[in-house]
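See structure below.
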2 protein chains.
Amino acid sequence: MQEHSAKTAFSVGDLARASQCKVETVRYYEKIGLMPTPQRTEGGHRIYNQPELKRLIFIRRSRDLGFSVSQVRDLLRFVDEPNHTCGEVKTLTLAQSEEVQRKIDDLQRLHKALLEMADRCKGENYSLEQCPIIDALFEDQNEQ
Amino acid sequence: MQEHSAKTAFSVGDLARASQCKVETVRYYEKIGLMPTPQRTEGGHRIYNQPELKRLIFIRRSRDLGFSVSQVRDLLRFVDEPNHTCGEVKTLTLAQSEEVQRKIDDLQRLHKALLEMADRCKGENYSLEQCPIIDALFEDQNEQ
DNA sequence: TATAAAACCTGTAGTAACTACAGGTTCAAG
DNA sequence: CTTGAACCTGTAGTTACTACAGGTTTTATA
């Protein structure tokens, strides 16, 4: 099968497993141009190598982090086009990082709100009439 | 609920304005059963009252907090059906907050990587194999 | 080596959660 | 009583997948 050295050829299924997504998703990314068109076996099956595996994992994690596909495309441009000038890369990277920071701030506010609400909850023995989460969400915006 | 002579009849546009969403979204929520089928004017326009306004605001806030429509459905079931406890709602909220925390952690790692990369950007070109962004997101995959 | 089953192929259609029309009707201000 | 904003239904588009259908290739096992 394979020798003792690290595996270097992967099927589309291998990539899907490693990146926790569906095989169809890998093909979809190829269709929309996030993943490169891979080599094929004689029979037409896709073959990938380590760089494509890394790339897919990067895409998946970026998506999980709330980047849209077009934002992932922008991030990948850093990788795909190394002929940017240094200042260009730096500017784009810093802009991206600001957006990331905004996201972190938003999520932290959200997290705080969720925990605060949960904390005010009395627990299993109390009826919904006294549930602060429901109350907080039902509160009229103008009465505050 | 309000003892003052508050407005009691609302149009779909009023609801949309009050809940910061589109008119189409209100109708959509009706179609998928999150909002009740409202009364109508002679001419067929939707009329709502205070409870429906509150319900819509509840739905929108829950969505903004990252609950999916089906999770909102669950929350509303707690409200619509008696015999549920505060603890059930708390459980749902805590699960939600954990997911948010996980996203925050990931974003902070990415943020660090982006800043690092910007910082190291002094003329080097990063190939796919040694890109710190790629690496930051590739690492820790199997470390739980 | 034969064969069964798993994995792959292309292509299309469905999903979630809206959002945007098109083409027509009703309501309310002046 | 007019006019234009707001409403109506219904369909189609959007994003980012996900699920088939119907067929071919690869691989594990007898």
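Remember, predicted model here, so these are calculated numbers, not experimental data. Lettering of chains follows the sequences in order, A, B, ..., and the numbering in each one begins at 1.
A donor and an acceptor atom, one from each side chain of B:Tyr29 and B:Arg55, are nowhere located under 3.5 Å apart.
B:Lys22 meets the side-chain contact (heavy atoms from CB on, under 4.5 Å) test with B:Glu24, B:Thr25; sequence neighbours excluded. For A:Asp74, the salt bridge (charged side-chain N to carboxylate O under 4.0 Å, His left out) partners at least two apart in sequence or on another chain are A:Arg77.
In this structure, B:Arg17 atom CZ and D:dA5 atom C1' are separated by 11 Å, rounded to whole Å. Atom CD1 of A:Ile32 and atom P of D:dT14 are 15 Å apart (whole Å). Rounded to whole Å, atom C1' of D:dT15 lies 13 Å from atom NZ of A:Lys31. Atom OH in B:Tyr28 sits about 18 Å away from atom P in D:dG13, given to the nearest Å.
Within residues 33-47 of chain A, the residues that have a heavy atom under 4.0 Å from DNA chain C are, in order of number, A:Arg40, A:Gly44, A:His45, A:Arg46.
Residue contacts shown for A:Phe67 are absent, as no nucleic acid heavy atom lies under 4.0 Å away. Note on B:Arg63: only backbone sugar-phosphate atoms sit closer than 4.0 angstrom, heavy atoms only; bases stay farther off. Looking at heavy-atom distances under 4.0 Å, B:Arg73 makes no contact with the nucleic acid at all.
Comparing B:Val69 and A:Val12 by the nucleotide of DNA chain C whose heavy atom lies nearest to each, the residue mapping closer to the 5' end is A:Val12.
Transitive grouping of hydrophobic side chains (ILVMFWY, heavy atoms separated by less than 4.5 Å) brings B:Val23 and B:Ile57 into a common cluster. The hydrophobic cluster containing B:Val69 also contains B:Phe58, counting ILVMFWY residues as joined when their side-chain heavy atoms lie under 4.5 angstrom apart, directly or transitively.
In the 5' to 3' direction, nucleotides of DNA chain C lying under 4.0 Å from heavy atoms of chain A begin and end at C:dC8 to C:dT10.
Between B:Glu98 and B:Arg102 there is no salt bridge, since none of the side-chain N atoms of the basic residue sits less than 4.0 Å from a carboxylate O of the acidic one.
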Residues A:Leu15, A:Met35; criterion side-chain contact (heavy atoms from CB on, under 4.5 Å); working and verdict: CA-CA 11 Å; A:Leu15 257 70; A:Met35 288 292 286; 3.9 Å; yes
Dump the intermediate steps for side-chain contact (heavy atoms from CB on, under 4.5 Å) on B:Arg17 and B:Asp14, then the final yes or no. CA-CA 5 Å; B:Arg17 245 185 314 282; B:Asp14 291 336; 3.0 Å; yes
Verdict with reasoning, A:Leu76 to A:Ile59, per side-chain contact (heavy atoms from CB on, under 4.5 Å): CA-CA 9 Å; A:Leu76 285 171; A:Ile59 295 167; 3.9 Å; yes
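In the helix from C:dT1-D:dA30 to C:dG30-D:dC1, the terminal helix axes, each the rotation mapping four pairs' C1' atoms onto the next four within five end pairs, subtend 20°, rounded to 10°.
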Under 3.5 Å donor-acceptor pairs involving side-chain atoms of residues 38-49 of chain B, not counting sequence neighbours:
unit_1, atom_1, unit_2, atom_2, d
B:Gln39, OE1, B:Asn49, ND2, 3.3
B:Arg40, NH1, B:Gly44, O, 2.7
B:Thr41, OG1, B:Gly43, N, 3.4
B:Thr41, OG1, B:Gly44, N, 3.3
B:Thr41, OG1, B:His45, N, 3.0
B:Arg46, NE, B:Glu30, OE1, 2.7

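Looking at every heavy atom in both residues, B:Pro36 comes nearest to B:Glu52 through CG-CG, 3.9 Å.
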